[in-house]
Protein chains: 2
Amino acid sequence: MSQPPDVESLRLLVLVGELGSLGRAARALDISQPSASKRMSTLERRLRLELVERGPGGSSLTTAGRVVSDWARRVLDELDVLLTGAEALRGERDAELRVAASMTVAEHLAPGWIAELRRNADGLYVGLQVTNSGTVADLVRRSEVALGFIESPSVPPGLNSRRVAADRLAVVVAPHHPWSRRRRPLTAAELAATPLVVRELGSGTRDTLERAVGAVQPLLELGSTTAVRSAVMNGAGPAVLSVLAVQADLADGRLVEVPVDGLDLRRSLRAVWPSGRKLGGHAATLLAVAVRSSQ
Amino acid sequence: MSQPPDVESLRLLVLVGELGSLGRAARALDISQPSASKRMSTLERRLRLELVERGPGGSSLTTAGRVVSDWARRVLDELDVLLTGAEALRGERDAELRVAASMTVAEHLAPGWIAELRRNADGLYVGLQVTNSGTVADLVRRSEVALGFIESPSVPPGLNSRRVAADRLAVVVAPHHPWSRRRRPLTAAELAATPLVVRELGSGTRDTLERAVGAVQPLLELGSTTAVRSAVMNGAGPAVLSVLAVQADLADGRLVEVPVDGLDLRRSLRAVWPSGRKLGGHAATLLAVAVRSSQ
DNA sequence: CTGACTCATAGCCCAAGGGTATGACCTGTT
DNA sequence: AACAGGTCATACCCTTGGGCTATGAGTCAG
């Protein structure tokens, strides 16, 4: 009992809200009306909530249905990011546009840009390679990718570059952590003296952090940004993470940012391409999309 | 072919990354090791990506696996919001703590607060009622709920209140909309003269908007914030939405905010409770959580 | 009163995904 | 050298969730 709702049912719920009838939603999903009816019933049974108001003139969402539908849509949006990203990741060989990106860009920005690009250039198949900033520069230099995105503070030689987004590291803690009630900002020394949840050595985030505060004391060393994020939310301790990774959590209170004095934790995310050459075709469009969405 | 990945497989992927072996992940999910193995294979086949590096000493994520795992975690987090919210919605009758909230709070903030509250008060069952701000005030006055959250500009009589979060409406367009390339802010008059994608009459967002700019010209009238958001992303036209609803889209470039001159689109989200009485028990804790996560 | 729409129920069927049993592989220990 | 203990994969069976078609109940408009 209490199984997780499956994604297609959530999509069905959203569609019912938009189209005003179970039957129309069924047609949109390319399933039969009875299937949709049964699916919706099981979704309601699983959540133990009445979600749709059925009537002979169609169906509409109940109040609960509207709220759940909104949450559902966010789930579907994140899934969309995953699928767009996965498709780009898989390309590599036969892609029509190959790009490389460092972790932060690949995780948080690239899927959106690619989705936007593809909305204009229909059916375009993009290949996305994810590595560290140094390798991205190499790939661009050897023309194995048409465009690269890096997060290093300096522009590697032999490349043109354009700033496409701003990023900043933030000290974050769980809401019940004592630091969330501090009245004055942390000092750099306090931060350096406190054991932190950190990424592994060699990650861009860890590099930026150590460049700013010197050596850090690892409390827990984890292999991905969101693993760190989860650890912090579960009360493991403070961490320093890209605001891109935690903005939603800051907004809805799952995490709290702690201001810090005397540290510059900003960094630019840049697009790079072979110097001299002028960008053309899809690469130029993607760059334009990226630049435009940064402001 | 190309079926959507199911949620449990995503959870499995995340767990493999955290625990370092398929078997341990299987135990964590309370399924057998062969099931996990098969599941992971089908996930890889569906995404057509190699996600885990299998070896006799355990399994680790490939580069692609780490990236996908991060996206997966975000999907799971949103699903968590949905489930927490659904549980709160369903309470109502036998809940140990009953609260009421207007749409904006219920959608974007309440699930996080409730999850946080329950992390401290284990097993607490919270009932959440979602209506408009006026009804919330009534419910609080009649003590049908212990605490309410409203988004109206003034505090209804007979109630104590405390500001728990700031909100602001923002003009947003799709990235390829001409307004995204404007160099100077919109004027209030321009905004009033442009047909907008709006919520239905009576919604808090619509009210706030009309109070600020006078009458608006509906281009499309939709029943939920995220429906409006989707319409905008699909190029229907500009809309004015709570930043809480669109911050993630602004960050990853799916939407672009257009600055406006001469309009105050800010609003406060407030907690309300019967005046005179002092808040106690879980209600007081929830208020503290809400206040704390707002800063 | 009939046609057109809504949704629900019944019965059938397939395939996805669960479990157990087993085997291949590697590593460290005896 | 052989074995114990860990990894993961394969083979097999079985249950069930969810798909389909066919049908019926209800409502509304012409």
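Any value given below was found using the heavy atoms of this structure, including those in side chains, with hydrogens, waters and symmetry copies removed. In what follows, every chain begins at residue 1, and chains take the letters A, B, ... in the order their sequences are listed.
The distance between atom CZ of Arg24(A) and atom C1' of dA4(C), rounded to the nearest whole Å, is 13 Å. One can place CE of Met40(B) at 17 Å from C1' of dA16(C), the figure rounded to the nearest angstrom. The separation between Leu43(A) atom CG and dA8(C) atom P is 13 Å, rounded to whole Å. Straight-line distance from the CD1 atom of Ile31(A) to the P atom of dA8(C): 13 Å, rounded to whole Å. If you take CZ of Arg46(B) and C1' of dA15(C), they are 11 Å apart, rounded to a whole angstrom. One interatomic measurement links the two molecules: CG of Asp6(A) to C1' of dA16(C), which rounds to 13 Å at whole-angstrom precision. Atoms CD (Glu8(B)) and P (dG17(C)) sit 11 Å apart, rounded to a whole Å.
Taking CD of Glu107(A) as the start and OG of Ser69(B) as the end, the distance is 9.0 Å to the nearest 0.5 Å. Taken to the nearest 0.5 Å, the CG atom of Leu43(B) stands 13.0 Å off from the CZ atom of Arg48(B).
A 4.5 Å side-chain heavy-atom check between Glu87(B) and Leu83(B) finds every atom pair outside the cut-off.
At distances below 3.5 Å, at least one donor-acceptor pair connects side-chain atoms of Glu96(A) with backbone N or O atoms of Tyr125(A). A side-chain donor-acceptor contact under 3.5 Å links Arg98(B) to the backbone of Glu144(B). Checking side-chain atoms of Thr205(A) against main-chain N and O of Leu241(A) turns up no donor-acceptor pair under 3.5 Å. A distance-only check finds no donor-acceptor pair linking the side chain of Gln33(A) to the backbone of Gly23(A) [under 3.5 Å].
Taking 4.0 Å as the cutoff to heavy atoms of chain A, we find the contact window on DNA chain D bounded by dG18(D) to dT27(D).
Listed pair Ser21(A) / dC7(C) meets the phosphate criterion, a side-chain N or O lying under 4.0 Å from OP1 or OP2.
In this view, Ser9(B) and Asp6(B), Arg39(B) satisfy the side-chain hydrogen bond (donor to acceptor under 3.5 Å, both in side chains) rule, not counting sequence neighbours.
Heavy atoms of Ser59(A) sit under 4.0 angstrom from primed sugar atoms or phosphate atoms, though from no base atom.
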Contact string for nucleotides 20-30 of chain C, one letter per nucleotide 5' to 3', B = base within protein heavy-atom range under 4.0 Å, S = sugar-phosphate only, - = neither, reads BB----S----

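Arg254(A) has no carboxylate O lying under 4.0 Å from a charged side-chain N of Asp80(B), or vice versa, which leaves the two without a salt bridge.
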